[in-house]
Amino acid sequence: MHQRIRLLATLYITIGLVLATCGSGGATTATSTASPDEDHLATAHALLLTQGPNSTTKPPMPTPTTQPTSTGSSPSLSPIPEIDLDIDLPYLQDGGALPPGAMARIGIGEIVAAEVYPDRSAILLGTSTGLYVYRLDTFERIWRKYLERPLSNVSLSGDGSRIVIEFGSNFTPLLYDAQTGDRLTNLPGWHETQWAPDGRLLAMEAVPGSYDQTFGWIRIYDSSSGQPLRTVEAPISSFWGAVFSVIRWSPDGKYLAACGDEAVFIWDTSTGEIVYTINADSTTGGLYLRYCAMQFSPDGKYLGIHDSEHTVVVDMTSGEDVFEPDDAVYGARWTSDSLYLAYKDSLKVFDVSTWSLRYQREENVEDFAVSPDGKYLALAGSNVTVLDTASFDIEYTIPLLAYNSVSWSPDGRWLIQYDVDIFDFGKDEYTFFDEGKASGSLKVQNWMAFIDDQTVLAVDGYRVMLVDLPTNKISSGVCTGLEVGHLGWSQDGNTLVLSTPDGDWYWSESSGQVGPALPDSTTFIPATQPEGVTFFTEGAEPEIPLNLTSPDGKFRAAITDLHYGDFDGAWGSASGIFSGQVGIFENNSEYPFKTLTFSGPGPTALAWSADSRLLAIGLGSAFKSIHNSRVIVLDVHTGQELFSLEGHLSDIMHLAFSPNGMRLASASDDGTVIVWNTGH
């Protein structure tokens with residue numbers, strides 16, 4: 001079973017990946033994860049769904065027949081201690097392709113997305129610096145591609161032959177050969193990539209036009225060549241620029257459904273024609289379907305559409321609205337013969353052949369999940385209760401552990417409780433139960449997913465690990481980046497030290513390797529030149545640093561006139577852009593002889609060369625684009641800008657020249673360190 005793993009998932013809100021540290025206990029930030037199914041609903045808008053133009057009179061709702069809640073003795077189990085992640089992992093010796101002017105990159109950056117190939121032979125990592133494919137067992141590199149801007153999503157086709165990468169709303173998605181890493185073509189789309197079930201086609205929303213347009217478009221591509229086959233369109237509101245919020249393929253690939261602002265549209269993918277339209281009630285003031293959830297039944301016969309207020313089920317053979325629950329539904333699951341619906345204070349199960357009520361449980365259900373074989377139902381209420389779906393007898397109960405979500409492993413062996421704290425990054429936690437028996441707890445900073453019946457792939461900050469659940473042990477893993485708090489050089493300029501919360505790591509220019517031990521058993525003698533001063537702390541107002549005096553005492557550099565969010569643009573301080581000036585002074589003067597003004601992004605770090613001739617200025621990156629984050633190197637004696645070095649995709653946090661000025665190291669909160677060849 002192909003395991004698709006994504007960092008950018010939907011759980012009421014989307015949370016970006018942030019950083020943590022390799023080694024023991026050094027994680028500082030994290031990404032969110034999400035509910036494993038897309039049917040969890042996020043909406044703040046009421047809807048009234050009505051029949052489409054092709055619908056006929058729908059049958060009356062069946063009379064609810066509440067069955068008694070099953071009772072019986074069941075074990076109450078507790079999890080064993082959590083899986084130990086506090087172990088040393090080898091550093092991934094792969095700096096990626098280099099930007100111009102760089103001689104080495106240490107680290108591949110923060111992990112934005114990851115996908116496991118369907119044959120489980122390799123893993124694809126999308127990071128802040130590019131695409132990387134490694135053997136899953138050894139993490140030996142197969143291929144890599146350096147990207148000039150951070151990606152927002154990675155999508156691997158079901159057969160493992162193609163990759164689509166997206167960059168958000170401003171750049172065209174790209175199609176790659178997943179086996180060779182060759183770039184095949186640009187895809188003139190926007191985002192919302194959805195592969196057809198057989199992987200031969202993919203759908204992607206077209207770039208929206210002006211905000212006064214009244215049509216939206218989805219293009220269908222041949223996944224092998226990347227050539228567009230057809231475009232489907234629908235008249236939708238221009239309020240959000242005429243874009244669709246959710247796109248879904250039917251299980252057989254025959255139909256494509258999408259939520260517009262005021263209707264759900266269903267197209268025949270072979271002709272591109274709209275076959276059904278399910279309208280919102282225009283009499284309610286144009287309430288829209290932007291946050292609807294859609295699910296096809298496993299056989300593709302029905303399409304369920306719901307928001308926080310209403311749910312309808314559409315028969316795909318006739319377009320008729322055949323079923324409407326009698327109250328607001330916040331969660332839904334299909335099986336081959338039933339539709340499971342969670343309400344505010346109960347769960348109901350309906351027979352899809354008659355739409356009669358099979359079972360009702362009066363309980364506030366936070367989340368629920370049906371096992372892959374359809375035999376068991378797990379409810380997260382006051383406890384986690386597992387029921388047999390044939391009889392609805394209780395099989396066993398497990399303490400809720402204060403988690404709000406449950407899911408099953410692909411083979412149904414493992415029941416997982418998981419907690420995603422969207423207000424406190426770094427608190428994601430998964431607890432596994434082996435067929436009702438306590439097994440273990442896994443606390444990770446980012447996310448986890450199954451790659452086979454007993455192995456979990458976990459991402460914990462800069463740590464990528466394979467966890468064997470039966471033994472509760474990490475079988476293999478690597479570090480992909482370091483949280484650097486200080487940079488320094490040896491006197492000979494051959495060794496760079498990277499200080500982290502978990503100790504020092506060393507990079508040797510002669511070997512090109514980085515590790516926690518001194519390279520070649522040499523003695524590290526630190527150089528005497530000052531390290532660059534970092535003043536910007538993410539999540540806090542920038543602090544003005546003290547003046548940074550040159551090693552010979554003749555000059556000083558200071559960041560002046562700092563303004564947070566002060567720049568010409570529509571987003572203001574909410575964008576995170578800050579501006580400022582760097583003044584260079586003779587040490588006995590209060591007036592600068594040279595001033596550099598940055599309208600945004602502004603300066604984040606400074607460093608002098610040992611001979612006091614060169615000044616390096618690190619700049620921030622408002623939108624994590626390579627063209628926003630750079631290092632400027634000035635000749636202070638002439639005032640000439642010698643270099644503008646672009647390669648980091650986030651704020652420059654630390655700078656340090658080698659003693660002879662031939663090398664400049666820059667550390668960014670994108671998780672990488674770059675060694676630049678200054679040649680001076």
Side-chain angles (χ1 to χ4, degrees), residues 95-107 109 129 482 484-499 505-510 512 514 524 526-536 545 548-552 555 557 559 582 584 596 598 601 603-621 626-680:
L98 301 177
M103 59 174 298
R105 183 194 290 274
I106 304 169
T129 61
L482 295 171
V484 177
H486 180 85
L487 290 173
W489 287 90
S490 61
Q491 285 185 344
D492 62 7
N494 182 63
T495 303
L496 175 68
V497 62
L498 302 84
S499 295
W505 288 61
Y506 301 89
W507 174 82
S508 168
E509 179 174 340
S510 58
V514 63
F524 181 82
T528 57
Q529 86 280 3
E531 187 220 355
V533 173
T534 299
F535 73 93
F536 177 73
L548 187 62
T549 302
S550 62
D552 63 6
F555 303 102
I559 298 173
V582 173
I584 305 173
L596 295 93
F598 304 95
T604 56
L606 300 172
W608 286 99
S609 63
D611 62 4
S612 302
R613 186 180 186 91
L614 303 181
L615 176 66
I617 304 171
L619 301 179
S621 174
I626 189 172
H627 302 294
N628 283 344
S629 180
R630 58 196 177 106
V631 178
I632 295 172
V633 179
L634 299 176
D635 185 318
V636 177
H637 292 180
T638 65
Q640 180 184 2
E641 181 179 307
L642 301 178
F643 302 104
S644 179
L645 306 171
E646 298 181 349
H648 286 298
L649 301 182
S650 193
D651 297 328
I652 310 296
M653 306 306 293
H654 300 277
L655 293 166
F657 280 101
S658 64
N660 61 8
M662 298 289 289
R663 306 287 183 258
L664 173 65
S666 59
S668 167
D669 65 3
D670 66 7
T672 71
V673 174
I674 296 179
V675 180
W676 306 93
N677 183 5
T678 58
H680 285 263

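Since we're looking at a predicted model, the values are computed, not measured.
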Test item: Asp635 side-chain N/O and Gln640 main-chain N/O as donor-acceptor pair under 3.5 Å: no
Student check: side-chain heavy atoms of Arg105 and Thr129 closer than 4.5 Å: yes
Any donor-acceptor pair under 3.5 Å from Thr604 side chain to Gly618 backbone: yes
Where Trp489 and Phe657 come nearest, the two heavy atoms and their spacing: CD1-O, 3.1 Å
Contact summary for Val631 and Ala616, nearest pair of heavy atoms: CG1-CB, 4.3 Å
Leu614 to Gly661 - nearest heavy-atom pair and separation: CD1-O, 4.4 Å
Matching residue for Leu487 among Leu664, Val497, Leu655, Leu498 - test: side-chain contact (heavy atoms from CB on, under 4.5 Å): Leu498
Stepwise side-chain contact (heavy atoms from CB on, under 4.5 Å) check, Thr678 with Arg663: CA-CA 6 Å; Thr678 58; Arg663 306 287 183 258; 5.7 Å; no
Shortest non-hydrogen contact between His654 and Gly485, atoms and distance: CE1-O, 3.1 Å
Residues which pass side chain to side chain donor-acceptor pair (under 3.5 Å) with Asp552, listed by chain and number, not counting sequence neighbours: Ser550, Ser612
Minimum-distance pair of heavy atoms, taken over all atoms of Ser668 and Ser650: OG-O, 3.1 Å
Min side-chain heavy-atom separation Glu641-Leu634 under 4.5 Å: yes
Closest heavy-atom pair and its distance - Ile652, Ala605: O-CB, 3.9 Å
Contacts of type side-chain contact (heavy atoms from CB on, under 4.5 Å), residue Ala102, not counting sequence neighbours: Leu98, Pro99, Ile674, Trp676
Note, Val514 side chain near Val673 side chain (heavy atom, < 4.5 Å): no
Interatomic distance, Ile617 atom CD1 to Ile584 atom CD1 [nearest 0.5 angstrom]: 6.0 Å
side-chain contact (heavy atoms from CB on, under 4.5 Å), paired with Ile106, selected from Thr672, Leu496, Val484: Leu496
Sidechain-backbone polar pair: Thr495 side chain, Ser490 backbone, donor-acceptor under 3.5 Å: no
Arg613 vs His637 side-chain heavy atoms within contact, under 4.5 Å: yes
